[in-house]
Peer 1: 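Here's a structure for you.
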Amino acid sequence: MTLQPRCEDVETAEGVALTVTGVAQVKIMTEKELLAVACEQFLGKNVQDIKNVVLQTLEGHLRSILGTLTVEQIYQDRDQFAKLVREVAAPDVGRMGIEILSFTIKDVYDKVDYLSSLGKTQTAVVQRDADIGVAEAERDAGIREAECKKEMLDVKFMADTKIADSKRAFELQKSAFSEEVNIKTAEAQLAYELQGAREQQKIRQEEIEIEVVQRKKQIAVEAQEILRVDKELIATVRRPAEAEAHRIQQIAEGEKVKQVLLAQAEAEKIRKIGEAEAAVIEAMGKAEAERMKLKAEAYQKYGDAAKMALVLETLPQIAAKIAAPLTKVDEIVVLSGDNSKVTSEVNRLLAELPASVHALTGVDLSKIPLIKKATGAQV
C-alpha cells in the first residue's frame, strides 16, 4: 500500500512552523505469527480502513520527530530525517503486523518564508564567492590563454606536419585498401554469382523434383480415374451387358430347347409319315409285285405274243421320253442342199430303230412280220 503522511504547521525545535509531506510503502507481514497479529488487528476492515490506521500512526511519529529537529536539519538532510521517522515508527506498526518497506520526504515548506530567507543568505554567499571566482578565473584565463596560444601554434605546426604525413600514409593505405577492396569485391561478386548459380541449380532441381512428385500424383490420380471409369463401365456397361447376354443366352437356350423339341416332334412326325408311306409303298409294292407276277405268269403262259404286246405298249412311252426335249424346240432347220439326203437320213434312223429296241428290251422287232415288212419297205 502507498501512503502519503502529511503534517501541516508543525513547530520545530526552534519554533518555526513547517508543513512536511512524505511517501511511505507498507505491506502486511507474511510471517505466521505477525500475519496472525495483522488478522487480529484488521479482520473485517477494508483496505482503506487499514490505510487510515497506518497513516495516522505515521503522521503521529512524523509530528513528534519534527518537534525535536531544527529547520536546517530537516531541510538539509532529508534522508536522515526519513530514516529517523522509519526507525521510530517501525516498531509501532510492526506490532500491528505492518512492515514499512520505504519512507521518503516528498516536500518541506513554511508559510513565513523562513526557508526562503535561508536560501537568500546562502544565495548571497554563493554569489559573492562566484564573483571572486569569476575574477580569478578571468585572470588565470588570460595567462592561460596566452600560454595556450603558444602551445596551440606549436601543436598546430606539429599537427600540420603529422597531418601531412598522415595524409600521405592515408593515401597510400587508401590505395592499398582500394586495391584490396576491389580484389575482395571481385572475389565476392564471383562467389555471389557462383552461389547464385548453385542456388538456381538447387531451385531447378527442386522444381524438377516437384514436377516429378506432381507427375506421380497425376499418374496416381489418372490410375484412380481409370479404376473409377473401369468400375463405372463395369457397373453401367459390363454388368448390364452380362445380364443381357445371360438373358439372351437363356432365351437362346430356351429357343434351342424349343427347336430341339420341335425338331424331335417334326422327326417323329416325319418318321410316322415315313412309316405310313413305307407301309403304303410296301402294300403298293406287294400289289405291284403281285400284279407283275400275274403279268409274268400271263406272259409266260402266252409266250412271245405276250412279250411282243408288252413291247408294243411300251414303245409309245419310250418314244415320248426320247422326244420330250424336242417339245421345247420351236422349229428344226436341217442344213442340206440335197432333198434326197434328208430322206436317206430319215430312212437310216428308222432302219436302226429295231436294233435299239432289241438292245433295250431284248425283243427283236425284225422277227415280227408286220414290223419286218414295214422296215424292209422303209415305211
Side-chain angles (χ1 to χ4, degrees), residues 1-2 4 21-27 72-84 86 99-109 115-116 118-220:
M1 295 173 286
T2 301
Q4 293 184 356
T21 303
V23 177
Q25 301 291 336
V26 299
K27 77 178 187 68
E72 287 77 2
Q73 290 175 333
I74 297 170
Y75 185 76
Q76 293 176 0
D77 196 357
R78 294 189 181 188
D79 292 338
Q80 184 64 31
F81 174 48
K83 180 180 179 182
L84 183 61
R86 186 167 61 250
E99 179 184 1
I100 299 175
L101 300 176
S102 67
F103 182 86
T104 58
I105 300 301
K106 181 180 181 182
D107 191 18
V108 178
Y109 68 92
L115 295 174
S116 299
L118 290 176
K120 289 178 181 179
T121 302
Q122 184 66 26
T123 301
V125 172
V126 172
Q127 185 66 38
R128 181 199 64 192
D129 294 339
D131 291 340
I132 295 171
V134 169
E136 291 177 351
E138 287 179 354
R139 180 199 63 192
D140 295 338
I143 297 171
R144 184 61 182 163
E145 182 179 359
E147 293 177 353
C148 288
K149 284 183 179 180
K150 180 181 179 298
E151 293 177 358
M152 180 188 69
L153 292 175
D154 294 339
V155 171
K156 184 176 183 300
F157 176 75
M158 295 297 295
D160 291 341
T161 303
K162 290 183 178 180
I163 288 172
D165 294 338
S166 298
K167 187 175 181 180
R168 181 177 59 81
F170 171 74
E171 293 295 335
L172 293 174
Q173 190 68 31
K174 182 179 178 181
S175 298
F177 286 163
S178 297
E179 183 179 358
E180 185 177 357
V181 167
N182 292 332
I183 294 173
K184 295 295 184 182
T185 302
E187 292 176 353
Q189 182 66 26
L190 180 59
Y192 174 77
E193 293 177 356
L194 292 175
Q195 185 65 27
R198 293 192 188 98
E199 294 297 329
Q200 290 294 330
Q201 185 177 4
K202 290 181 180 179
I203 293 172
R204 180 54 185 163
Q205 184 175 359
E206 292 178 357
E207 289 177 352
I208 293 172
E209 291 178 356
I210 292 172
E211 291 177 358
V212 171
V213 172
Q214 290 178 349
R215 182 56 182 165
K216 289 181 178 178
K217 290 183 178 179
Q218 184 178 359
I219 292 172

Peer 1: Measuring from Glu180:CD to Thr185:OG1, what's the distance to the nearest 0.5 Å?
Peer 2: 10.0 Å
Peer 1: State, with a plain yes or no, whether a side-chain heavy atom of Glu147 is found less than 4.5 Å away from one of Lys150.
Peer 2: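 They are not in side-chain contact.
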Peer 1: Please round to the nearest 0.5 Å and tell me the distance separating atom CD1 of Ile183 and atom OG of Ser178.
Peer 2: 11.0 Å
Peer 1: Give every residue pair that meets the salt bridge (charged side-chain N to carboxylate O under 4.0 Å, His left out) criterion with at least one member in residues 207-217, sequence neighbours excluded.
Peer 2: Arg204-Glu207, Arg204-Glu211, Arg215-Glu222
Peer 1: For Gln189, give me all partners under side chain to side chain contact (heavy atoms under 4.5 Å, CB included), at least two apart in sequence or on another chain.
Peer 2: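 With neighbours one apart ignored, the set is Tyr192, Glu193.
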Peer 1: In Å and rounded to the nearest 0.5 Å, what is the CD1 to CD distance from Ile208 to Gln201?
Peer 2: 9.5 Å
Peer 1: Not counting sequence neighbours, list each pair that qualifies as a salt bridge (charged side-chain N to carboxylate O under 4.0 Å, His left out) and has a residue in residues 157-170.
Peer 2: Lys156-Asp160
Peer 1: Using side chain to side chain contact (heavy atoms under 4.5 Å, CB included) as the criterion, list what pairs up with Ile132, not counting sequence neighbours.
Peer 2: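 Expected list: Arg128, Glu136.
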Peer 1: Tell me, please, which residues at least two apart from Asp79 pass salt bridge (charged side-chain N to carboxylate O under 4.0 Å, His left out).
Peer 2: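 Asp79 satisfies salt bridge (charged side-chain N to carboxylate O under 4.0 Å, His left out) with no other residue.
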Peer 1: Could you tell me whether the side chains of Glu199 and Gln195 share a donor-acceptor contact shorter than 3.5 Å?
Peer 2: yes
Peer 1: Taking side chain to side chain contact (heavy atoms under 4.5 Å, CB included) as the definition, give me every residue that meets it alongside Ile105, ordered by chain and number, with sequence neighbours left out.
Peer 2: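 With neighbours one apart ignored, the set is Val20, Arg78, Phe81, Ala82, Phe103, Val108.
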